[in-house]
Amino acid sequence: MKRQCGKPAASEIKLLSVLGRHYACNVKTARWAELDGKTWHRLARLREAPENVPGLAAVLEARPDSPKREESLAPKNLILQVSHACNLRCRYCSADFGRYGGRFRSMTARTAARAIDFLFESSDAADLAVTYFGGEPLLNLEAVLSSARHALGRAQKERKSVSLHLVTNGVGLLPQTLMRLDELGFSLTVSMDGQKGCHDRCRPFPDGRGSHGTIARQLEIAGRMPIGRRVTVRGTFTRESATFFPNVRYLVRRRFSNNIAYEPVFLPTSDPLALRWRDLPDIREAYRELARLYVDQWRNGNPFCLWDFDDAIVQLVRARPRRSRCGAGVATVAVTAEGDLYACHMSTGMDQARLGNLEGGLDEKRRRPWVERYRNGREGCANCWLRALCGGGCNTHAILYNKGLGRPYRLECRLIEHRYRLALWMLSEVPGLREAVSDRAESAGSDRGHLLTPLWACRDHAADRSEKGKTAESRPVNERVS
Ligand code: SF4
Ligand code: SF4
């Protein structure tokens with residue numbers, strides 16, 4: 001029988017079973033449906049054709065696209081590396097304590113202002129984002145504040161919006177500094193790996209003392225200020241902390257913030273802290289425990305956001321193919337203290353990722369492979385069932401482990417896949433989760449607004465609305481099919 005136009009072929013459907021629940025995903029359209037056990041068995045075990053399941057093809061069809069606009073390839077997210085120095089000596093630091101293979105140095109306020117001008121002059125987007133990064137950006141606070149004021153001033157004059165974000169190790173977050181950042185509307189990502197022992201082993205001061213006590217104190221102070229609602233606490237796990245669940249549970253219980261990110265380290269394979277394939281079972285189990293905690297907390301009215309799952313949850317609710325997870329080299333560009341342009345902060349110092357400088361602007365010849373990768377996807381993703389949802393993994397990791405943009409890092413892929421599976425299960429288990437993220441999913445483009453943007457924006461928004469007696473609008477994107 002000839003397949004009707006728009007109906008997915010069996011080869012386009014990925015069937016999954018996650019913690020007792022069953023799903024069908026269309027690998028081309030990013031649409032998915034939950035199935036009952038009997039239907040799943042017919043499709044997966046008896047190999048029945050999907051078109052024999054009433055309603056399934058319609059759910060898995062592509063959503064009608066909103067009217068097409070010419071897609072802009074201009075940058076809209078700028079990462080400013082204002083300080084190539086750091087006041088910590090983390091054992092897993094991939095930034096060479098901010099030096100990226102060079103020497104310790106800082107960006108001048110003049111270069112920072114020029115970088116802001118570069119963003120406004122090269123971008124046609126109405127919503128821009130600036131992320132301050134390092135090393136440790138608070139070591140160059142005056143350049144941060146003066147360029148942030150400059151960005152806000154230009155935005156006001158040009159009727160644009162600019163969001164300001166700062167990624168810090170937290171050591172310099174004194175009350176006075178927090179107030180100054182708060183006045184300008186900054187959101188923050190602060191590094192904290194969890195329990196004292198684990199954090200202090202990996203994140204010492206140069207004299208060897210652990211930094212946990214200092215950072216916990218600063219986070220508690222921040223939590224009592226308005227800026228506390230805009231803080232994400234970010235941890236890193238390594239080979240030594242592959243069973244990382246107790247560390248995230250600690251962060252949840254300490255309530256430094258309801259916005260948490262807990263991400264794997266990616267280091268050269270020779271590094272003693274680099275993750276290995278044999279760590280996968282521990283990591284998978286840690287994610288499973290975390291997913292159960294996430295579900296319990298949401299059900300008990302004590303929800304927290306976890307970036308690692310939330311990214312997948314938003315994409316599953318959005319249910320449209322996306323091009324890239326972060327837009328590196330296209331929507332996102334990083335600037336070093338010298339004014340060199342790189343695809344993102346993580347790729348600083350990599351020749352393939354050097355895309356020009358503030359003097360001459362973006363070098364379109366060097367940028368071409370990044371644009372092509374953005375437009376056409378990654379060759380190495382062609383057969384993956386997640387290719388429409390995932391955005392193709394990290395470009396810097398592809399270069400670091402596979403020497404080019406063509407092939408993703410397979411160990412990272414296994415983690416991404418595991419998180420997507422659990423995110424499907426979480427969407428089924430948590431009543432109201434889909435509605436809570438649907439606003440954000442509708443507005444999410446093919447890449448994130450800026451680095452580590454947490455879901456607090458949409459969830460606070462959802463909470464605010466229900467406080468005012470309005471229910472969040474529900475847009476059922478994917479349905480249960482039986
Ligand atoms: S705080 Fe960041 S830049 Fe500084 S040593 Fe630690 S990982 Fe490296
Ligand atoms: S990066 Fe990995 S998980 Fe993502 S689409 Fe490509 S192959 Fe799949």
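Source: prediction; values computed, not measured. Atoms within each ligand, like the ligands themselves, are counted from 1 in listed order.
Scored by the ring-ring contact (aromatic ring centres under 6.0 Å, His included) test, W40 finds H22 as partners (sequence neighbours excluded). Under the rule for a ring-ring contact (aromatic ring centres under 6.0 Å, His included), H150 has no partner lying at least two apart in sequence or in another chain.
Using bins of under 30°, 30° to 60° and over 60° for the plane-to-plane angle, the ring pair Y401/Y409 lands in the parallel bin. Aromatic ring orientation, Y262 versus F237: parallel (interplanar angle below 30°, classes split at 30° and 60°).
Protein heavy atom at the shortest distance from atom 7 (S) of ligand 2 is R410 NH1, 3.3 Å.
In this structure, R89 satisfies the cation-pi test against F97, with its NZ or CZ atom closer than 6.0 Å to the six-membered ring centre and inside 45 degrees of the ring normal. A cation-pi arrangement is not found for R354 relative to Y342, the charged atom failing to lie both closer than 6.0 Å to the ring centre and inside a 45° cone about the ring normal.
The ring of Y287 has its center closer than 6.0 angstrom to the ring center of F244.
Excluding waters, the protein N/O/S atoms found under 2.8 Å from atom 6 (Fe) of ligand 2 are C381 SG. Distances under 2.8 Å from atom 6 (Fe) of ligand 1 pick out the protein N/O/S atoms C90 SG.
No donor-acceptor pair under 3.5 Å is formed between the side chain of R234 and the backbone N or O of V190. The main-chain N or O of K28 is found under 3.5 Å from a side-chain atom of N26 such that the two form a donor-acceptor pair. Of the possible polar contacts, one joining the R322 side chain to the L389 backbone as a donor-acceptor pair under 3.5 Å is found.
The shortest side-chain heavy-atom distance between E289 and R249 does not fall under the 4.5 Å cut-off.
Under a 4.0 angstrom heavy-atom cut-off, G134 registers as lying outside contact with ligand 1. Within the structure, ligand 2 lacks E412 among the residues with a heavy atom less than 4.0 angstrom away.
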